[in-house]
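All values derive from a computational prediction rather than experimental measurement. Side-chain atoms are counted along with the backbone in the values below, which use heavy atoms only and exclude waters and symmetry mates.
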Amino acid sequence: MVNLTINGKQVAVEKDATIYDAAKACGIKIPILCHDKKLHPFGGCRMCLVEVEQMKGRLIPACTTPVTEGMIVQTTTDEIVKARKLVLELLLLKHPIDCPVCDAAGDCDLQNLTYEYKVNMNRFVDEKFNHEIDYENPLIERDMNRCIHCGKCARICDEIVSYGAYTFINRGIEAKMGTEFDGPLNCEFCGSCVSVCPVGALNSRPFKFKARWWALQKTKSVCSYCGTGCQLTLGSKDGKVLTTIYDENQGFHNGQLCTRGRFGYQFVNSDKRLTTPLVRKNGKLQEATWEEALAEVTSRLSAGKSDPASVAALATPRLTNEELFLLEKVFRGTIGTDNIDHSAGFAHEALTKGAVASFGVAASPSEIADIQKSNLLLVVKSDAYETHPVIGFEINLGVKRKGVAIRIVSDKKGKLTRLPGAKTTVHTPGSEVALFNALCKSVIDQGLVAEGVAGLDALKAAVADATAEKAGVTAEEIAAVAKDYATAEKALIILPIGLGYPGHNAALASAAANLAILTGKIGKEGSGLLIMGEKNNSQGAVDMGIYPKGTGLAASAIIDGCANGNVKTLFVAGENPVVSYPNRKKVEKALENVEFMVVADLFLTETAALADVVLPACSFAEKNGTFTSLGRRVQNVRKAIPAVGLAKTDFEILNALSQALGGARYNNQGEVFTEIAATVPAYKGLSQAGLKDEGAVYPVAVAAKLVPVQAKTAAPAAGKLAMVTGSALYHCGTMSRFGEGPMYVCPDAYAELNVADASALKIAEGDQVTVTSATGAVQVAAKVGKRVPQGVVFSPYHFGEGSVNTITDGAEVTYVTVAKK
């Protein structure tokens with residue numbers, strides 16, 4: 001520690017702290033415009049000038065000057081105040097005084113400091129800039145006339161997002177924050193630059209002219225898109241969520257959000273929201289009262305109690321833990337059916353079966369914090385950045401700032417491939433299990449097995465015939481990855497799972513776990529296996545038991561049961577199987593065949609349109625509860641706005657049904673959490689009040705065990721391309737289609753082809769193409785590039801039109817033909 005004195009106060013800080021850090025630690029405010037705690041110190045704005053007794057004769061920037069033992073610092077002398085006023089005058093020389101129409105007014109650091117330092121006149125005169133304002137993209141407005149050259153936009157885009165969309169151009173008085181060739185902004189539109197801009201140079205266009213900052217009600221909550229568990233602050237007014245508010249001190253991610261979290265919240269305010277219950281009469285869904293709708297549902301579920309096997313429930317892992325726990329109690333407890341799933345039958349067996357078999361718990365043994373504590377990351381598919389973008393930011397930081405090595409095994413290249421030192425092994429689509437078996441065999445052959453690993457002989461036998469060729473890679477590549485992984489002191493495997501990733505199932509989880517266990521990479525920080533659930537509460541859904549146990553039907557079997565008449569009553573809470581489950585025609589026919597289907601949802605989705613009763617449900621912004629992130633962090637979700645129309649929370653809906661069916665009744669969702677803490681072992685000792693703002697990571701007791709798995713091989717189809725599915729950066733599931741931001745940037749389905757394949761098929765970027773498989777055909781736009789290897793086509797699964805699940809059947813790879821329309 002280093003001891004110094006600031007304004008007469010004694011303070012001790014870490015030796016790598018700056019004067020700014022030390023002042024902040026003892027409660028002394030130093031003004032700053034170019035500083036953000038996530039970014040490297042810059043020292044560009046000069047507002048943080050201070051006086052150091054040992055450096056008499058000049059003022060120095062506090063944000064870039066390291067502390068030294070015995071340093072004596074003054075932060076507010078007359079000379080310092082005079083210097084800061086001069087800095088403000090110079091900044092205002094070119095800055096337009098258009099605060100009345102600037103969206104940053106009230107949240108502008110320059111405005112606030114000008115007021116604080118009483119700079120009500122300027123000794124200098126010059127012409128203002130007249131830069132053309134960039135309105136080219138729908139999400140971010142760039143008005144460089146207001147820019148003060150703090151560089152925060154360029155630094156966060158480079159250091160955190162790793163995109164590099166901004167750069168300084170020109171020099172001196174003509175200096176400007178520009179883009180590539182000084183053209184319109186063309187990036188991922190994550191909005192990180194907007195969040196840190198201290199003035200109104202960068203604005204969120206969806207928020208423009210919606211409200212003044214001081215008029216917003218601020219509510220801390222948790223993002224409802226992917227499983228990362230990013231905390232956010234919702235800014236609401238007049239019953240609508242208008243924006244998200246940046247807070248560098250919020251969450252493990254220091255307030256950083258991706259494009260979905262920052263620009264995808266408009267679905268809450270969508271005029272397409274369901275506002276009243278609907279009941280099918282004479283073949284059409286018609287408005288009804290809650291009493292009428294719930295009576296219909298209660299009557300049907302009550303009759304199902306005498307034949308529980310004929311009843312099934314599908315729930316989205318976007319519900320809160322309390323709602324999922326109550327759903328499980330109603331259907332498994334009160335009605336007696338075990339036919340409960342949350343798409344786990346398609347997408348989450350890595351947790352419900354794989355993790356249980358290999359670790360003894362249905363959860364990852366690792367946490368998000370392990371990413372930056374590791375020496376080497378082994379990422380399965382390079383799409384970790386697209387599926388869970390803020391995890392991508394964590395990986396960037398680990399690689400760039402802490403020297404974490406990164407190895408990627410994937411069926412295509414991606415953004416992580418471009419990180420410093422990254423090595424990508426591109427394998428045959430669908431051969432992930434074969435690849436991990438080959439890695440295990442190579443570790444054994446190279447004599448890199450950790451001491452005392454139990455079950456080694458059985459694994460040796462299981463992987464005896466594993467070869468690199470079965471995964472479509474070379475023996476040298478496998479040997480190199482195996483050696484790098486095994487010899488790293490700490491190594492972490494990152495595995496995404498979800499509806500867009502068929503094949504990322506129990507077998508793959510165990511195959512990956514085998515590599516970790518074999519090399520001793522379990523049970524210590526910075527190591528292990530991080531299984532990344534797709535939705536915001538995928539882990540919570542597993543924790544609450546929303547998957548079949550015993551003889552119950554999984555999601556795919558429930559669809560089959562609807563088709564063959566064994567399932568007569570289906571309750572769907574927030575799931576949209578028509579679009580998100582494989583083989584759309586099969587799913588549609590099954591749901592049309594089921595005798596009675598009730599759907600609780602925010603929107604009249606493709607699935608809800610087939611229902612007999614539709615119940616309008618609340619969004620995450622309209623309710624309290626908890627979500628559990630992929631890193632096992634349980635966090636509070638807080639109500640920001642009243643329910644839209646007559647919508648009810650899923651807790652209210654299920655609580656009413658529970659009481660009507662003779663089950664439990666709760667006074668509020670908090671009572672349910674108390675019961676969760678009493679009955680779900682991992683949640684023992686937790687309380688909603690105790691979670692506070694930070695949440696709590698529940699512990700797991702891992703019993704690691706090698707579980708040999710056999711790799712399936714998918715024979716290539718002559719003359720066809722191997723189609724793989726996944727997530728687009730801007731979307732998550734099917735809900736993001738109702739957010740204006742994601743749809744501005746990525747409104748339609750597409751098929752991504754390699755340039756060589758596209759050339760051979762005479763297909764150009766943007767052409768409409770027909771993609772045909774054994775189960776059907778879809779027409780989508782073509783994207784052409786080098787990310788996808790030759791012989792492979794990639795398509796995201798989120799869209800209702802051009803629905804890729806029309807042509808998939810749940811197999812790891814779908815072989816297709818692609819032709820220009």
**Student:** Enter the distance from I156:CD1 to Y166:OH here, rounded to the nearest 0.5 Å.
**Tutor:**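 Output value for this atom pair is 11.0 Å.
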**Student:** Check the pair K400, S162 against side-chain hydrogen bond (donor to acceptor under 3.5 Å, both in side chains), reporting the backbone distance first and the verdict last.
**Tutor:** CA-CA 9 Å; K400 287 184 172 178; S162 198; 3.0 Å; yes
**Student:** Minimum heavy-atom separation for N437 to A711, with atom names?
**Tutor:**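 That would be ND2-N, 4.0 Å.
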**Student:** Distance check, rounded to the nearest 0.5 Å: F627 atom CZ versus S538 atom OG?
**Tutor:**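 F627 CZ to S538 OG: 11.0 Å, rounded to 0.5 Å.
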**Student:** Indicate the atoms forming the closest heavy-atom contact of P184 with D134, along with that distance.
**Tutor:**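 Looking at all heavy atoms of both residues, the closest pair is CA-OD2, 3.5 Å.
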**Student:** Of all the heavy-atom pairs spanning V818 and L721, show the shortest one and how long it is.
**Tutor:**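 The answer is CG2-CD1, 3.8 Å.
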**Student:** Within the structure provided, determine whether N203 and I140 are in side-chain contact (heavy-atom separation under 4.5 Å).
**Tutor:**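 A side-chain contact is absent here, since even the closest heavy-atom pair is not under 4.5 Å.
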**Student:** Atom NZ in K37, atom OH in Y20: separation rounded to 0.5 Å?
**Tutor:**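 One finds 10.5 Å between NZ of K37 and OH of Y20.
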**Student:** Is the shortest heavy-atom distance from the side chain of I148 to the side chain of P198 under 4.5 Å?
**Tutor:**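 With C-beta onward as the side chain, the pair touches.
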**Student:** So which atom in P420 and which in V399 form the shortest heavy-atom distance, rounded to 0.1 Å?
**Tutor:**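 Looking at all heavy atoms of both residues, the closest pair is O-CG1, 3.5 Å.
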**Student:** The test is side-chain contact (heavy atoms from CB on, under 4.5 Å); show your working for F436 and N514 and say whether it passes.
**Tutor:** CA-CA 8 Å; F436 271 97; N514 288 341; over 6 Å; no
**Student:** To the nearest 0.5 angstrom, please state how far the CD atom of Q446 sits from the CD1 atom of I478.
**Tutor:**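 If I round to the nearest 0.5 Å, the distance is 10.5 Å.
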**Student:** Could you tell me whether K412 and E752 make a salt bridge, using a distance below 4.0 angstrom between a side-chain N and a carboxylate O?
**Tutor:**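 Looking at K412 and E752, the cut-off is not met.
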**Student:** Using the benzene-type ring in the case of Trp, are the ring centres of Y750 and F799 under 6.0 Å apart?
**Tutor:**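 No, the ring centres sit 6.0 Å or more apart.
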**Student:** Supply the atom-to-atom distance Y797 OH to H731 NE2, rounded to the nearest 0.5 angstrom.
**Tutor:**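 NE2 of H731 is found 11.0 Å from OH of Y797.
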**Student:** If every non-hydrogen atom of S204 is compared with every non-hydrogen atom of V194, which pair is closest and at what distance?
**Tutor:**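 In terms of heavy atoms, the two residues are closest at N-CG1, 3.8 Å.
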**Student:** Between G261 and L232, which heavy-atom pair has the shortest distance, and what is it?
**Tutor:**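 Minimum heavy-atom separation between G261 and L232: O-CD2, 4.2 Å.
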**Student:** Output yes when R401 and E159 qualify as a salt bridge under the 4.0 Å nitrogen-oxygen rule, no when they do not.
**Tutor:**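 Result for this pair is yes, salt bridge flagged.
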**Student:** Is any side-chain heavy atom of D411 closer than 4.5 Å to one of V792?
**Tutor:**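 Result no, sub-4.5 Å side-chain heavy-atom pair not found.
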**Student:** Testing L377, I160, I371 one by one against E394 for a side chain to side chain contact (heavy atoms under 4.5 Å, CB included), which residue passes?
**Tutor:**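 It is I371; the other options fail the test.
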**Student:** In Å and rounded to the nearest 0.5 Å, what is the CG to NZ distance from L397 to K402?
**Tutor:**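 Those atoms lie 8.0 Å apart.
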**Student:** Taking C-beta and beyond as the side chain, do F794 and M723 meet within less than 4.5 Å on heavy atoms?
**Tutor:**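 Result no, sub-4.5 Å side-chain heavy-atom pair not found.
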**Student:** Could you point out which residue of L492, L518, L515 forms a side chain to side chain contact (heavy atoms under 4.5 Å, CB included) with Y485?
**Tutor:**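 Going through the options one by one, the only one that passes is L515.
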